[in-house]
Every structure is written in structure tokens, then in C-alpha cells.
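This chain uses plain numbering: 1 for the first residue, then up along the sequence. For ligands, and for the atoms within them, numbers begin at 1 and follow the listed sequence.
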Amino acid sequence: MVMITKFRKRFRKAYKRPDRPDKDGVTYRPLDPLDERFDAWRVVVEDDRHRAMYDRLSTMIDRDAYAALQEKYRSEIEVNDERAVTKYLDLAPWFMIHSRIARLLDIDTRPKCSILDIGTGGGQFLAVAKAYGHEVLAFDQPEPQIYGDLLELFEIDRIEGSVMLGKPLPTAIGRFDLVLINGQVFDVWPDKRTERWDVPEWASFLEYLCDTHLTYPGTLFLGLNKSAGPTATEDFLWPLVDLAETKGASVERKRATMLFDLEDPLRFDTVPHQPWLTLGSE
Ligand SMILES: C[S@@+](CC[C@H](N)C(=O)[O-])C[C@H]1O[C@@H](n2cnc3c(N)ncnc32)[C@H](O)[C@@H]1O
């Protein structure tokens, strides 16, 4: 068994790039030349505004610093079949996704504002926002290292910590004009039961966020990760999307995104739920 694993690793190293997609359907190539990747992904950009944001961000990357990161992660990438977190080093697909979100949020035309990204990952959304002069802050866990390295490449500050059911976020975070959550995985129970948060937990958390971290008028963006289904990864939490729509959010059903332009903090009075800070302690 050990021999086979060693052989597979050597084989992969010799041939360098698996020509098949990762679990999410994308073939990542974090060691390829950056500009080749930008050109390849530019063709799936959806319209002129999206393209302008993608291009602006692409030209702002420090090529030498990026090449140094490729070297830092080269051996890890070469020996691993799945890209896992090193997929974030392949900037082009992420710039395509995050500049599309930026277009939804009018990042290119909205007056300069402050933006918090919760569970930022590699910070690609904030990098677009920063490229348009907005003041940005990341909130995320300290690991894995590659997220911190990418934030450093984009020169974005991060407050380190975790969203935990019923616990306050660090007060040092402060308030923002726009709060974004995209692709969340923090919606888990402290006792590690397999299911993820349901609508009541989300209602509690979003009200808490509105009360403690948004200014008004303010914008809240939520782009869901799949958290429903037999293994809590098969489907989006559609009842939350439906609820958001009843609360006036602009909803993009294809990607389960919800965008709230708010004059006042959200209240989900039709959903039985507890105040955030009383959750998780029973
Ligand atoms: C799927 S990635 C999404 C990254 C990024 N938002 C994006 O759209 O590319 C999930 C992110 O959530 C972060 N995360 C995981 N658990 C968390 C927690 N309890 N609190 C805050 N962030 C968490 C991970 O570190 C990672 O950055």
C-alpha cells in the first residue's frame, strides 16, 4: 500500500498536472503562468462591466510576489491529486467569480464605502473592492496559511477568529456599510452533529450581524454554500432564500445569492428563533 502511494505521488510529480476537474468541476492550474490563466478565464466573463472589473484586478497583481507564492506551494501542489485549498492560488477562476459578485453589488459605481467579508478565504472579492477604492476588512480563521498569503499579496488586513453559534464576533471588527458572506462553511453546530444551521439559526445570526456590524443605509450580501441534503452538502438551504425574498432581498436563484439593501436592521418576526447570544449554550 505504501509502495503504491509512493508510486502515485512520483507519477503525479512527473506529469505535474492532473487533466481532470476537482470535485467542484473546475480544473485548477495554480502553477501555470498567471497571464495565460487570466486570458483563458476571460472568455467566460459575462459582460463589459464584469470584464472591466476582472481586467482591473488582473493588472494589479504583483507578478514577482505571485511567482514567489507559486514556488512556495509548488511541491504541495505537485504531490496532491485534489487541489484542496491550493486551488485558491489559481487566481483567474476566482477573479471571474468574485468580479461577478462585485458587479451584482455595483462595486465599480457605488460611492466609496467600508466592506467586511466574513469567511474571506483568499480575499478575491475584497481585492476587487479595494481595486475600486473601497475600504476593506477580512474576517477569517488563521489557517490554512495560503489564505493569509493571498491576503498579503492583495495587501488586505484580516481580523482572525471564527463564527461560532451563539458567540459574539470580536468587537474590534466594528461596523460597515456592506457586509458580505460568500460560500459559508461556518454554519455548524458546536456538538458537530451532521446537519447544518436551519432557518432559525440564520435568522438569529443575520439579525445579530445587522444589529452589531452594519451601518444604515447598509447592504448585506449572502451567497450560500450548499448546506442541505443527506450529507449537508447536496443542496442550498432554499427556505432561507425564500424567506430572504419575502424580506425584500434581490435573489439570484441560480447561485442562491441574496442581496439586502437595508434602511433598518433586518427582523425575521415570522420565524420562531432566539436572540443570537442565547444560542448554543443549553
Ligand atoms: C468555501 S470558503 C469561501 C471563501 C470565500 N468567501 C470565497 O467566496 O471564496 C469558506 C471560508 O470560510 C472560512 N471559515 C471556516 N469556518 C469558519 C468560521 N467558523 N468562521 C469564519 N470563517 C470560517 C474558511 O476559512 C474559508 O475561508
(message) Is there a side-chain contact between Lys72 and Asp149 in this structure, where contact means two heavy atoms from C-beta onward sitting under 4.5 Å apart?
(response) yes

(message) With heavy-atom distances below 4.5 Å as the criterion, would you say the side chains of Leu222 and Val241 are in contact?
(response) no

(request) At a heavy-atom distance under 4.0 Å, which protein residues reach ligand 1? Sort them by chain and number, would you? (result)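 Lining ligand 1 at under 4.0 Å, by heavy atoms, one finds Tyr88, His98, Gly119, Thr120, Gly121, Asp140, Gln141, Tyr147, Ser162, Val163, Asn182, Gly183, Val185, Phe186, Asn225.
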
(request) Could you tell me which non-hydrogen atom of Cys210 sits nearest to which non-hydrogen atom of Leu262, and how far apart they are? (result)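 Heavy atoms only, the tightest pair is SG-CD1, 4.0 Å.
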
(request) Taking the six-membered ring for Trp and the full ring for Phe, Tyr or His, determine whether the centres of Phe95 and Phe38 are under 6.0 Å apart. (result)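 Ring centroids of Phe95 and Phe38 are less than 6.0 Å from each other.
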
(request) Identify which one of Leu150, Ile101, Ile97 satisfies the side chain to side chain contact (heavy atoms under 4.5 Å, CB included) criterion when paired with Gln124. (result)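 Among Leu150, Ile101, Ile97, the one meeting side chain to side chain contact (heavy atoms under 4.5 Å, CB included) with Gln124 is Leu150.
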
(request) Output the distance between atom CG (Asp117) and atom CZ (Phe176), rounded to the nearest 0.5 Å. (result)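 Between Asp117 CG and Phe176 CZ, I get 10.5 Å after rounding to 0.5 Å.
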
